[in-house]
Asks: 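The structure is given below, and queries will be raised subsequently.
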Amino acid sequence: MEPSKIESSSGPAGVVSPVHIEVEGLRFNRGERPIFRDVSCGFLRDRINVILGGSGSGKTTLLRMLGCLLRPDSGAIRVDDDLDLTRLGSSEIKAYRRHVGMMFQGGALLDSMSVFDNAALPLREHSPLDEAEIAREIRHVFDSVGLDGVDDLLPAELSGGMKKRAALARALVTAPDILLCDEPFSGLDPATVRLVESLLVDVNERLGVTMVIASHHVASTFRMAGRIVLLVEGEALSGAPDAFRDHADPRVEEFFAGDLV
Amino acid sequence: MAGSGMRDLVVGLFVLAGLAALAYLSITLGGVGTGVAGGLQLVATFDEVGGLRARAPVVVGGVKIGQIETISLDEDLRARVVMDVSPDVALPTDTSASILTSGVLGDMYIALEPGAEEDLLKDGDEIDYTQSAVVLERLIGKMIQNLGASE
Amino acid sequence: MTGGGVTRLGRGATRMVFDLGGLTRFGAQVADSLRRRPLRLRRLADEMFTIGVLSLSIVLLSGLLVGLVLGLQGHTTLVRFGAEDTLGAVVGLVLIRELGPVLTALLVTGRAGSAVAAEIGAMVVTEQLDGLRMMSVDPIDFVVKPKALAMVLSMPLLSALFIVMGVFGGWLVGVVFVGGDPGLYLSSLESAVRFREDIGGSLLKAFVFGVLVALISTWRGFTCRPNAAGVSAATTATVVMSSVATLIFDYFITALWRF
């Protein structure tokens, strides 16, 4: 037992980087089944934070709560120390989401619209930019995620990797402070996983955005994460990747099951 | 964008066709606005109109030339029928009007029988020669009475 | 096991009350969005295409066939009373008052209502609606409103076209096939139809049915459970609920409008 580096409860975490999003004592039941019994963790500002966990452990659920798509039964989610996401009204949620981008597992691109129109949608809806400025903005973002010549295609015509890039581009066009990514590596071949991974790292370094990634992909997590939050049995264990390497907790042991190098 | 333009055209045609159908139902069948455009108004007074109703057809020789506008009671308590007929039909002043039934149980209508005068009926003129509706029940009642009397 | 039956009945009734409440609340949200937000004309035109134009062929064909059958049935019956001259009135009134709006609503439910529910349901499954929410775009305003409005606008147009096709079908039988009087067919219809009671009532029905099918199909899709079984359940429920609602409202409109 060496629990000093892995925090299993709330507390003044983050000595190096300040904590951007602080989760405290989340409880959540789906029907009769408890998903979160007591989840407390912190996500570091401008770093890549990865939520790990087995299927059904609530990775996506936690991510959706960070996006205000779901409300916990009790507990608090504080952003920048003051905004409690669990108590926001609908107009405050809208204001908060202006600073948040979300990349969904399947892309969640509107399938009746072209890739370009999909990415342009948040700008057309909320920004005062005219069409030429929007086109310039989209071009810029598409270049940065390596999307080329797909403007007029429909999402259904994209390959898995391209779809992820398009989803990332749409999440980035509004220049968010927080980027939530749900399973960015699911359904991709190993080469494409590497590609998307380096893309995420690149975006994180260039834009300095706080990323929260829900993933089950252990190898990439240890390569890119600044902080890992492991969801097990309705609770969260969090810490730097190294802390998990030198793990002593049997629950950590069980999850990685020898996957750690 | 070409596909979207084509789509808009088709949607526009669909809306136009739908509106045309609505207009047909309302104007031709529903009778909204007919009889306003230069129709010839004729008046006829009957003792008995039976089941005649507004919008019933007015025919000459079986051809429809107009319809009934209103049916009301005049000061002598007779039924005053205002008809709206096509001004293209030249009707002499001694034209007569009868209320007939199409089939035994059919709807009632007014049949005009043109006379021989040279002068033509003008807008607002009254048709003097009229024949009232035959009310089946009364006819049968009379027949039974007559049968009883003759025995 | 009577207890089970009673329990099920009670549960079903409770479910229905909940559904009614949910549907009403959803309708209020759509109405509120309609009042507060400008129309998205581009999206409306696209939905008019998928809902109105794509329903056109089945509505026109059905209208014609129903008209043919009505003409045939009407003629053989009327001829017994020597009243075949009133065929136009019989065919036309039946179509205008009842069959036009009701059958159009049922056809549109099957053709477009189920498609709307399935499409919105699929958007729930693939998180497209959540994607919109995360971009601070209201899915009701962006997805539901154009679909619902296109449905409400299309229904009276489709119903009118159905009726015209039906009258034409009756005319084909009564005039062309059995050689009736061409003038009498239409004139009997014209003299029998009253504007407010018949045409007005027909339009009112088509409009109300349009609102019903629009709200039920979008609501069922919107509240669909996020999996494939949920989409199929939403589609089925849309068809069942819309059809029953159409027939129930048909009775009450007929009774209250004094046909």
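Within every chain, numbering begins at 1; the chains are lettered A, B, ... in the order of the sequence lines, protein sequences first and strands thereafter.
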Asks: Hey, can you tell me if A/F36 and A/F28 have their rings parallel, tilted or perpendicular (30° and 60° cut-offs)?
Replies: tilted
Asks: Tell me if the CE atom of C/M16 is crowded by more than 12 foreign heavy atoms within 6.0 Å.
Replies: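 Result for CE/C/M16: open.
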Asks: Under a 4.5 Å heavy-atom cut-off, does chain A meet the side chain of C/M134, its backbone, both or neither?
Replies: both
Asks: For A/D46, does its backbone N or O pair with a side-chain atom of A/T210 as donor and acceptor, under 3.5 Å?
Replies: yes
Asks: If you count every heavy atom of other residues, nucleotides or ligands that lies below 6.0 Å from A/D202 atom CG, does the total exceed 12?
Replies: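 Enclosed: over 12 neighbouring heavy atoms sit under 6.0 Å from CG of A/D202.
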Asks: Contact part of A/I93 toward chain C, heavy-atom cut-off under 4.5 Å: side chain, backbone, both or neither?
Replies: neither
Asks: Check whether more than 12 heavy atoms from other residues, nucleotides or ligands sit under 6.0 Å from atom CG of A/D80, and answer yes or no.
Replies: yes
Asks: Could you list each donor and acceptor atom pair linking chain A to chain C at less than 3.5 Å?
Replies:
{"residue": "A/R64", "atom": "NH1", "partner": "C/D130", "partner atom": "OD2", "Å": "2.9"}
{"residue": "A/R64", "atom": "NH2", "partner": "C/D130", "partner atom": "OD2", "Å": "2.9"}
{"residue": "A/K94", "atom": "O", "partner": "C/S136", "partner atom": "OG", "Å": "3.2"}
{"residue": "A/R97", "atom": "NH1", "partner": "C/R133", "partner atom": "O", "Å": "3.1"}
{"residue": "A/D111", "atom": "N", "partner": "C/Q128", "partner atom": "OE1", "Å": "3.2"}
{"residue": "A/D111", "atom": "OD2", "partner": "C/Q128", "partner atom": "NE2", "Å": "2.9"}
{"residue": "A/E125", "atom": "OE1", "partner": "C/R40", "partner atom": "NH2", "Å": "3.0"}
{"residue": "A/E125", "atom": "OE2", "partner": "C/R40", "partner atom": "NH1", "Å": "2.8"}
{"residue": "A/E125", "atom": "OE2", "partner": "C/R40", "partner atom": "NH2", "Å": "3.4"}
{"residue": "A/H126", "atom": "NE2", "partner": "C/M135", "partner atom": "O", "Å": "2.8"}
{"residue": "A/H126", "atom": "NE2", "partner": "C/S136", "partner atom": "O", "Å": "3.1"}

Asks: Hey, does the side chain of A/D130 reach the backbone of A/E133 with a donor-acceptor pair shorter than 3.5 angstrom?
Replies: yes
Asks: Take A/N49 and A/V229 through the side-chain contact (heavy atoms from CB on, under 4.5 Å) test and state the conclusion after the steps.
Replies: CA-CA 7 Å; A/N49 304 271; A/V229 173; 5.8 Å; no
Asks: What part of A/L69 gets closer than 4.5 Å to chain C, counting heavy atoms only: side chain, backbone, both or neither?
Replies: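 Looking at A/L69, just its side chain touches chain C.
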Asks: For this output row, return yes or no: ring centroids of C/F249 and C/F209 closer than 6.0 angstrom.
Replies: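 Not under 6.0 Å, so no.
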Asks: Under 4.5 Å from any heavy atom of chain A, what part of C/L129 do you find: side chain, backbone, both or neither?
Replies: neither
